[in-house]
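To start, the structure itself, in structure tokens.
FYI, the numbering just counts along the sequence from 1. In listed order, ligands and their atoms are each counted from 1.
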Amino acid sequence: MASFHPDSIRNDTNSLTLSRQVMIGTRDTDFVVLMNSIACACKLISRSVRKAGIAGLYGNAGSENATGDDQKKIDVLSDEMMVNALKYSHVCAVLVSEEQDDPIIMPESLSGKYCVAFDPLDGSSNIDCNVSTGTIFSVWEKKSTGPVGVVDDILRAGNDIVCAGYCAYGSATELVITYYGSGVQRYTLDPSLGEFILTANNLKLPEVSKTIYSINEGNYTSWDKPMRTAIDGFRLNEPRYTARYVGSMVADIHRTLLYGGIYLYPADEKKGNGKLRVLYECFPMAMIMAKAGGTASTGMFKGTVTNLLDLVPKSIHEKVPIVIGCHRDVDRVLAHYNTSA
Ligand code: P6P
């Protein structure tokens, strides 16, 4: 039959939506419900981010979160959107949010098989100046056998994650996820449709990563010597690397995933465990980067250099240093610790 679809709607006759792709990939309706709930919350957060100026959402809420960050008004709003979407999905047992001091244990009437840790709006300090932000999440399957979940259902190794993802609120709203046996999938929100449409399946780091390093060099003097030497190498040795640092983890990791290079938030004299949280910042990014052919390490942490996904956190807001990106650059940094050892 002659094709009569004008290009503008050709793709709409067979859209590769998030629900369709996740169903194809898992045949698990509970998981499809979970992903649709997270996607719905991300669309609500995206809309709030883009209307923040009009809706009076700039500025602080006047409170602090569990790790001492000033909560922005939009942090609190984004947290409510994520909590309610997941709570009333009826497929979650335990929720951990950067914005909540304690884990949220679902009542038996609402409890399901997933445990979700999330940062509802990472990088929110950048909202007032219109710099990219994002939502980050990791998902485990409940292990305990009781009628409701327990905190140990989410204090698990990164390797046990069944789904990791982030939603980037940049020039476009993009969802990047990996789940069960899937590769890394990239979706772009079509605001006219309200659907996330698949734009890349089985995303991999470039064959030859761009020479980009991403770190807050304002902390240079408080890093240990091997870290200072490693970063000097990127800046001073040939080939000279380009420095790129947005100061919003989702933006810096998204660029590293697509262009290659390395992102680091190491420990320093003032922040012995680094700044970024294990469950809902480092683990999901490490899982995505590993599935895309990269790697993530703690760097030298508590006397050893550890693959980040091997960690088992002891508390829900635990922090860890992170060295993440292409093998070429991560290995180059870690070699300085082997030498120093
Ligand atoms: P610094 C944002 O507050 C955040 O948690 C990450 O998104 C970001 O990568 C990091 O902190 C930036 O921290 O100390 O460089 O401002």
Side-chain angles (χ1 to χ4, degrees), residues 42 45-46 49 52 58-61 63-76 78-79 82 96-100 117-138 164-170 174 176 212-223 227-228 231 234 243-259 261-286 288-289 296-299 308 313 316-325 330:
C42 289
I45 295 168
S46 176
V49 163
Y58 291 152
N60 289 350
S63 50
E64 277 187 1
N65 65 19
T67 50
D69 298 339
D70 287 334
Q71 284 184 310
K72 302 289 181 190
K73 291 177 194 166
I74 200 164
D75 277 326
V76 176
S78 303
D79 180 59
M82 279 292 280
V96 162
S97 168
E98 174 180 314
E99 305 306 335
Q100 303 271 344
F118 55 90
D119 183 350
L121 193 60
D122 183 75
S124 57
S125 56
N126 294 300
I127 284 286
D128 294 15
C129 61
N130 197 20
V131 166
S132 297
T133 53
T135 298
I136 315 172
F137 56 92
S138 44
Y166 61 81
C167 192
Y169 311 118
E174 291 198 274
V176 174
I212 300 172
Y213 74 102
S214 183
I215 190 170
N216 181 345
E217 296 195 71
N219 299 324
Y220 180 88
T221 55
S222 58
W223 301 329
M227 183 55 70
R228 294 200 302 273
I231 301 305
F234 288 130
R244 287 285 183 273
Y245 191 71
V246 179
S248 186
M249 187 185 200
V250 169
D252 283 317
I253 294 292
H254 196 53
R255 182 201 57 249
T256 305
L257 180 67
L258 295 169
Y259 293 175
I262 188 170
Y263 169 87
L264 311 92
Y265 208 108
D268 62 39
E269 285 164 357
K270 289 169 283 188
K271 299 188 284 284
N273 294 343
K275 175 182 180 183
L276 301 176
R277 280 61 49 141
V278 177
L279 282 183
Y280 43 79
E281 288 170 327
C282 294
F283 269 173
M285 297 313 198
I288 289 168
M289 198 61 73
S297 171
T298 62
L308 210 141
I316 61 172
H317 298 298
E318 195 168 302
K319 298 179 180 180
V320 70
I322 184 169
V323 181
I324 184 171
V330 171

| task | Go through Asn273 and Glu318 one step at a time and tell me if the side chain to side chain donor-acceptor pair (under 3.5 Å) criterion holds. | result | CA-CA 8 Å; Asn273 294 343; Glu318 195 168 302; over 6 Å; no

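- Ligand-side atoms of ligand 1 in range of Glu281: 5 (O), range being under 4.0 angstrom from any heavy atom.
- Among Met249, Glu217, Lys275, the residue whose heavy atom sits closest to atom 3 (O) of ligand 1 is Lys275.
- Closest non-hydrogen pair, His317 versus Tyr280, comes out as ND1-OH, 2.7 Å.
- A side chain to side chain contact (heavy atoms under 4.5 Å, CB included) with Ile253 holds for exactly one of Val246, Ile288, Ile324; it is Ile324.
- Neither the backbone nor the side chain of Asn219 has a heavy atom within less than 4.0 Å of ligand 1.
- One option in Ser125, Gly123, Ser132 has a heavy atom closer to atom 2 (C) of ligand 1 than any other, and that option is Gly123.
- Looking at every heavy atom in both residues, Val330 comes nearest to Gly325 through CG2-N, 3.5 Å.
- Ranking the protein heavy atoms by distance from atom 9 (O) of ligand 1 puts Tyr263 OH, 2.9 Å first.
- With ligand atoms numbered from 1 in the order given, ligand 1 contributes 5 (O) to contacts under 4.0 Å with heavy atoms of Arg277.
- Applying the 4.0 Å criterion to heavy atoms of Ser248 picks out, from ligand 1, the atoms 7 (O), 9 (O).
- For ligand 1, the atoms sitting less than 4.0 Å from at least one non-hydrogen atom of Asp122 are 5 (O), 6 (C), 7 (O), numbered in the order shown with element in parentheses.
- The backbone N or O of Arg244 sits less than 3.5 Å from a side-chain atom of Ser214, completing a donor-acceptor pair.
- For the pair Ser63 (side chain) and Gln71 (backbone), a donor-acceptor distance under 3.5 Å is absent.
- In the vicinity of Asn216, heavy-atom distances shorter than 4.0 Å reach the ligand 1 atoms 1 (P), 14 (O), 15 (O).
- A donor-acceptor pair under 3.5 Å links the side-chain atoms of Asp128 to the main chain of Gly59, judged by distance alone.
- Counting heavy atoms from C-beta outward, Lys73 and Tyr58 have side chains that stay 4.5 Å or more apart.
- For Leu276, the heavy-atom gap to ligand 1 drops under 4.0 angstrom.
- The contact set between ligand 1 and Tyr245, taken as ligand atoms under 4.0 Å from a residue heavy atom, comprises 1 (P), 12 (C), 13 (O), 15 (O).
- The closest protein non-hydrogen atom to atom 14 (O) of ligand 1 is Tyr265 OH, 2.6 Å.
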